[in-house]
Amino acid sequence: MSIAGQNLKYLRKLRGWTQEEFAGKLGIKRSLLGAYEEERAEPRLEVLETVSDMFKLTLDELLRKELSDGKGGSYISKRRAQKLISASTDIQLVPVKAAAGYLAGYADPEFLDELNTFTLPMLAPGSYRAFEIVGDSMLPTPSGSVIVGEKVDDLEDIKSNQTYVVVSRNEGIVYKRVMKNNKSRSKLTLISDNTAYQPYNVNSDDVIEVWKAQMIISKANTQQRWDVNQLANLVSNLQDQVTTLKKKMN
């Protein structure tokens with residue numbers, strides 16, 4: 001019996017993925033993954049290496065240990081232990097009053113250590129930071145919300161039309177929807193969800209940090225309410241802005 005095939009099936013179900021989804025992450029066909037799980041074929045080494053990196057396991061564990069065995073609880077116990085000792089679960093909060101200091105101290109361990117921290121168990125392991133935002137430029141996200149972002153190490157990894165916290169020398173800390181500039185890689189276009197605010201560009205060289213928004217935390221009963229006419233105008237204005245931006249970029 002193929003222990004590796006059983007482990008692939010167990011890990012897939014543990015994450016709640018379909019065979020199609022898991023196969024896509026592994027870069028193989030769904031039928032091939034099915035053959036692995038049904039023990040009609042042995043997983044290739046490169047597939048096992050991908051799974052090993054994805055789940056933080058060794059090849060020995062994938063090939064020789066039954067991860068679903070409840071007696072030892074090896075995989076679950078190991079992951080729980082890793083989460084307990086992992087510093088990445090601590091999320092530092094940058095309140096509005098600390099925004100100015102953050103621009104100077106974002107790389108200073110002593111400054112960062114003074115920030116309050118909290119944890120969110122639903123987040124996958126990673127590097128996170130939280131930023132308090134003020135103003136109405138991103139309505140319906142209300143002023144005073146806290147944006148929990150995951151660190152983006154390379155500006156090339158930014159996906160257009162996704163929301164990010166952008167920290168730059170000239171603009172400070174802003175929460176915006178980001179569009180890549182097709183004409184110039186040296187610029188990013190920042191767009192507000194509230195169409196009363198016009199899009200603007202920032203130079204990539206001025207960008208200090210980028211954090212991809214993963215969660216929005218806001219106080220109860222503070223969400224902005226929109227009527228049907230407001231929503232219609234919002235959609236219409238946004239479409240006009242996107243059309244204009246595409247013409248400028250192309």
Side-chain angles (χ1 to χ4, degrees), residues 17-18 20-21 24-25 27 91 94 96 99 102 106 120 122-218 222-250:
W17 294 331
T18 64
E20 192 74 36
E21 290 171 332
K25 295 177 186 297
I91 302 171
V94 182
V96 171
Y102 186 81
Y106 69 94
L120 290 172
M122 67 285 295
L123 291 174
S127 177
Y128 298 94
R129 196 155 292 163
F131 299 84
E132 183 185 14
I133 61 168
V134 294
D136 61 355
S137 67
M138 288 300 283
L139 286 175
T141 302
S143 179
S145 296
V146 172
I147 311 301
V148 179
E150 184 173 11
K151 183 72 178 294
V152 178
D153 293 318
D154 190 338
L155 295 185
E156 291 296 322
D157 293 332
I158 290 177
K159 292 181 170 57
S160 286
N161 207 34
Q162 298 293 309
T163 53
Y164 296 83
V165 173
V166 180
V167 184
S168 65
R169 295 179 181 86
N170 291 330
E171 299 295 330
I173 300 172
V174 296
Y175 172 55
K176 298 292 180 183
R177 200 168 293 278
V178 178
M179 293 287 288
K180 288 185 176 180
N181 194 308
N182 292 336
K183 288 186 176 180
S184 174
R185 290 188 176 183
S186 64
K187 294 183 182 297
L188 294 175
T189 300
L190 306 187
I191 305 172
S192 300
D193 283 348
N194 184 348
T195 55
Y197 293 82
Q198 293 298 312
Y200 61 92
N201 292 328
V202 295
N203 292 322
S204 299
D205 290 342
D206 290 333
V207 175
I208 298 171
E209 290 180 339
V210 177
W211 301 80
K212 187 179 189 305
Q214 296 292 343
M215 295 189 68
I216 299 174
I217 303 172
S218 59
T222 59
Q223 289 287 345
Q224 174 74 19
R225 296 183 180 276
W226 300 84
D227 61 30
V228 176
N229 291 330
Q230 284 178 308
L231 286 173
N233 290 333
L234 176 65
V235 172
S236 178
N237 290 338
L238 189 58
Q239 288 174 335
D240 291 341
Q241 287 186 13
V242 170
T243 299
T244 302
L245 281 170
K246 285 183 177 179
K247 288 181 180 178
K248 289 182 179 179
M249 291 178 179
N250 295 325

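Starting from 1, each residue takes its place in the sequence as its number. Keep in mind the model is a prediction, meaning the values are calculated, not measured.
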If I compare all heavy atoms of [X] with all of [Y], which pair ends up nearest, and what's the gap?
X: Ser192; Y: Tyr197; result: OG-CB, 3.6 Å
X: Pro199; Y: Thr189; result: CB-CG2, 4.1 Å
X: Gly135; Y: Ser143; result: N-OG, 2.9 Å
X: Glu156; Y: Lys180; result: O-NZ, 2.8 Å

For residues [X] and [Y], determine if any side-chain heavy atom of one lies less than 4.5 Å from a side-chain heavy atom of the other.
X: Asn170; Y: Val202; answer: no
X: Leu190; Y: Tyr164; answer: no
X: Ser127; Y: Trp211; answer: yes
X: Leu123; Y: Met215; answer: yes
X: Gln162; Y: Val178; answer: no
X: Met179; Y: Ile191; answer: yes

Roughly how far apart are [X] [atom1] and [Y] [atom2], rounded to 0.5 Å?
X: Ile158; Y: Leu188; atom1: CD1; atom2: CG; answer: 5.0 Å
X: Glu209; Y: Tyr106; atom1: CD; atom2: OH; answer: 7.0 Å
X: Ile217; Y: Ser145; atom1: CD1; atom2: OG; answer: 9.5 Å
X: Lys212; Y: Ile147; atom1: NZ; atom2: CD1; answer: 12.0 Å
X: Thr141; Y: Asp193; atom1: OG1; atom2: CG; answer: 6.5 Å
X: Asn203; Y: Glu171; atom1: CG; atom2: CD; answer: 10.0 Å

Fill in: Chi angles and distances behind the side chain to side chain donor-acceptor pair (under 3.5 Å) call for Lys176, Thr163
CA-CA 6 Å; Lys176 298 292 180 183; Thr163 53; over 6 Å; no
Would you find a donor on one side and an acceptor on the other, under 3.5 Å apart, between the side chain of [X] and the backbone of [Y]?
X: Asn194; Y: Leu139; result: no
X: Glu132; Y: Val96; result: yes
X: Arg169; Y: Asp205; result: yes

Worksheet item: Considering residues at least two apart in sequence or located in another chain, which fulfil the side chain to side chain donor-acceptor pair (under 3.5 Å) criterion with Lys159?
Response: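 Once residues adjacent in sequence are excluded, Lys159 has no partner under the side chain to side chain donor-acceptor pair (under 3.5 Å) criterion.
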Discussion item. Please enumerate all residues that pass side chain to side chain donor-acceptor pair (under 3.5 Å) together with Arg129, with sequence neighbours excluded.
Written reply: Gln92, Tyr102
Worksheet entry | Residues Ser204 and Lys187: side-chain donor-acceptor under 3.5 angstrom | no
